[in-house]
Amino acid sequence: MWLKIIITLLTTSVVALAIIGYTPLPAGVKDPVKTQIFMGCFKIFHIVMQVREYLGYGSVYNNIRVLQRERTLVGDPPSSKYGDIKVTRDKIADVPVIIYRPPTRELYSPALIYFHGGGWVLGTADEMDTKAYNYAKATNMTVINVDYRRAPQFPFPIPIQDCLDVTRYILQKGDEYGIDVNSIGVAGESAGGNAAAVVALILTKTRPDLPLLKFQVLSYPSLQGFDFRLPSYVDYQNTMPCLTAKLSASFRSLYFGLDEHKTDYYAKIFSENRHISPEFRKSKYSEYVNVNLLPKEFRTPNKTAPVVTEPYDPQVAAKVEPIIVNPLFSPLMAPDLSGLPLAYIHVCEFDVLRDDALMYARRLKDAGVSVTLHFGYGGYHADTLVPELLQSESGKAGFETACAFINSQRQV
């Protein structure tokens, strides 16, 4: 009797969770069952956050610190237990890092400086320990996993300055770490892809006294805050795991340094493109974020964007417009991209940031920069970071091709 009741309750619970967590996926998503399970986890988590808000704790977007973890600066990183790579904590330019040193006979090893994702708000070097470790294993390079400071406590430009400071130091004094300063590249995903692109751009254009970076690996990077109604934002704003249009806009508002207690409001006006003035939208900067830079098949959204009738917010515009055009925030706003390190860019088909990456790839190519574009058909944002059990073939291919690109640079 009790066994039947328990089985019935468990079955009912599983069915209920499946119904609650289900969201229709776009046709063409790779490994849809795995993706649906992963997305269901996000959806259920979102429901938990809504219950939390109902109980009076506030919206998670207005209290993002609930999701933040303290930066772990002591103890051995998890990957150190494997013993095949020397994994140590250190500080470079006063920024905490984790350093991965594979066994090598080289006196000076090539290096990869790695910046984790998380919208400049979430994530730590410790949380991306496995990813950095896998990079070190797959490339046999020294990897420096940078634990930069995060918004809202440390808004723009503090996180990117941390990334620049670490990279400058390694380019100047990498021999202290057994690193060949002429064989250094940068890599990152999402906001970390932004950091890698910014570091490559700024150091190339402003520090001719330093050795040049050899390459940049940009995985589904976030590269602009000018237009939140590009076709990829319209088509995938709420349908895929990891990054919705609202979450992307929320992260931007926190990175801008806007009041974190009003993040819901800012996310709404950003997603409606009411964060900048009509005059600014028609300025020369519109040339850099333009659907004509996209392949023809992506220039028009498949869905219709909701009509917006409310005006822009002049107070927000006054705050964010100077940041939006700053290449430290948006590499896409740099007028000159010539001379940059050769680039590997991973684009996910079903990702709100898809068009950012495609436009940057086009602008780099037009500027004469060598670009290897990996288009992840069927992939979604952060699919290379999904736990291995749920990782799709698209995610696996994205990481493998990135490593193959990095390894190819050792021979150049």
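Aromatic ring pairs are classed by plane angle as parallel below 30°, tilted from 30° to 60° and perpendicular above 60°; the pair Phe375 and Phe298 is parallel. Between Tyr255 and Trp120, the ring-plane angle classifies as parallel under the 30° and 60° cut-offs. Under the 30°/60° scheme for interplanar angles, the aromatic rings of Phe156 and Phe329 are found to stand perpendicular.
Taking the charged nitrogens against the carboxylate oxygens, Glu272 and Arg229 have no contact shorter than 4.0 Å, which rules out a salt bridge. Using a cut-off of 4.0 Å between Lys/Arg side-chain N and Asp/Glu carboxylate O, Lys396 and Glu393 are scored as salt-bridged. No salt bridge links Asp264 with Lys268; every basic N to acidic carboxylate O contact stays at or beyond 4.0 Å. The pair Asp336-Arg363 does not meet the salt-bridge criterion, since no charged nitrogen lies less than 4.0 angstrom from a carboxylate oxygen.
To the nearest 0.5 Å, the span separating CD1 on Ile113 from CD on Gln216 amounts to 13.0 Å. For the atom pair Ser190 OG and His116 NE2, the distance stands at 11.0 Å (nearest 0.5 Å). Put simply, OH on Tyr266 and CG on Asp259 are 5.0 Å apart, with the number rounded to the nearest 0.5 Å. Once rounded to the nearest 0.5 Å, the distance linking SG of Cys348 with CG of Asp383 reads 4.0 Å. Distance check: Ile323 CD1 to Leu328 CG gives 10.5 Å after rounding to the nearest 0.5 Å. Separation of atoms CD1 (Ile92) and CD1 (Ile170) is listed at 3.5 Å; rounding is to 0.5 Å.
No side-chain N or O of Arg150 forms a donor-acceptor pair with one of Thr124 less than 3.5 Å apart. Residues Asn194 and Ser222 have side chains that never bring a donor and an acceptor to within less than 3.5 angstrom of each other. A donor atom on one side chain and an acceptor atom on the other are not found under 3.5 Å apart for Asn182 and Tyr108. A donor-acceptor contact under 3.5 angstrom links the side chains of Tyr114 and Glu189, judged on distance only. Looking only at atom types and distance, the side chain of Tyr233 has a donor-acceptor partner in the side chain of Ser248 under 3.5 Å away.
Here the side chains of Ile269 and Val316 are in contact, with some heavy-atom distance below 4.5 Å. Proximity of Asn140 to Asn407: side-chain heavy atoms (C-beta onward) are nowhere separated by under 4.5 Å. Considering only heavy atoms from C-beta on, Ile179 comes within 4.5 Å of Ile184 through its side chain. The shortest distance between side-chain heavy atoms of Lys131 and Thr384 falls below 4.5 Å. By the 4.5 Å heavy-atom criterion applied to side chains, Leu164 and Ile202 are counted as neighbours. The closest side-chain heavy-atom distance from Ile324 to Ile276 is below 4.5 Å. Residues Tyr177 and Arg101 are in side-chain contact: their nearest non-hydrogen atoms beyond the backbone lie under 4.5 Å apart. Counting heavy atoms from C-beta outward, Thr142 and Ile99 have side chains that approach closer than 4.5 Å.
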Point to revise | Stepwise side-chain hydrogen bond (donor to acceptor under 3.5 Å, both in side chains) test for Thr401 and Tyr344 | key: CA-CA 9 Å; Thr401 55; Tyr344 167 92; 2.6 Å; yes
Exercise for review: Evaluate ring pair (Phe, Tyr, Trp, His ring centres under 6.0 Å) for Tyr380 paired with Phe350, printing each intermediate quantity in order.
Suggested key: CA-CA 5 Å; Tyr380 55 88; Phe350 302 110; 8.9 Å; no
Exercise for review: Apply ring pair (Phe, Tyr, Trp, His ring centres under 6.0 Å) to the pair Phe251 and Phe256, showing each step before the final yes or no.
Suggested key: CA-CA 9 Å; Phe251 285 158; Phe256 280 131; over 10 Å; no
Check your understanding: So Val347 and His374, side-chain contact (heavy atoms from CB on, under 4.5 Å) or not? Walk me through it.
Key -> CA-CA 6 Å; Val347 183; His374 173 75; over 6 Å; no
Point to revise | Chi angles and distances behind the side-chain contact (heavy atoms from CB on, under 4.5 Å) call for Tyr100, Asp129 | key: CA-CA 10 Å; Tyr100 308 76; Asp129 170 69; 2.8 Å; yes
**Study point:** Evaluation steps, ring pair (Phe, Tyr, Trp, His ring centres under 6.0 Å), between Phe280 and Phe226
**Key:** CA-CA 9 Å; Phe280 186 75; Phe226 185 86; 5.6 Å; yes
Exercise for review: Test side-chain contact (heavy atoms from CB on, under 4.5 Å) on Lys365 and Val371 and set out the steps.
Suggested key: CA-CA 6 Å; Lys365 288 180 180 178; Val371 177; 3.8 Å; yes
Check your understanding: Run the side-chain contact (heavy atoms from CB on, under 4.5 Å) check on Lys246 and Ser271 step by step: do they pass?
Key -> CA-CA 7 Å; Lys246 182 177 181 181; Ser271 60; over 6 Å; no
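More than 12 heavy atoms of other shown residues, nucleotides or ligands fall within 6.0 angstrom of atom CD in Glu176.
A cation-pi arrangement is not found for Arg354 relative to Tyr220, the charged atom failing to lie both closer than 6.0 Å to the ring centre and inside a 45° cone about the ring normal.
In plain terms, the two heavy atoms of Thr204 and Gly339 that are nearest each other are CG2-O, 3.4 Å. Contact between His275 and Gly225 at its shortest, heavy atoms only, is NE2-O, 2.8 Å. In terms of heavy-atom proximity, Pro110 sits nearest to Asp180 at N-CB, 4.5 Å. Closest approach of Leu337 to Leu340, counting heavy atoms only: O-CD1, 3.2 Å. When all heavy atoms of Asp356 and Leu332 are compared, the closest pair comes out as O-CD1, 4.0 Å. Shown here for Ala136 and Ile85, the closest heavy-atom pair between the two residues is CB-CD1, 3.8 Å.
Shown are Ser250, Pro152, Pro155; of these, the side chain to side chain contact (heavy atoms under 4.5 Å, CB included) with Glu260 is made only by Pro152.
Checked against side-chain contact (heavy atoms from CB on, under 4.5 Å), Pro301 has the following partners two or more places apart in sequence or in another chain: Pro231, Val234, Asp235.
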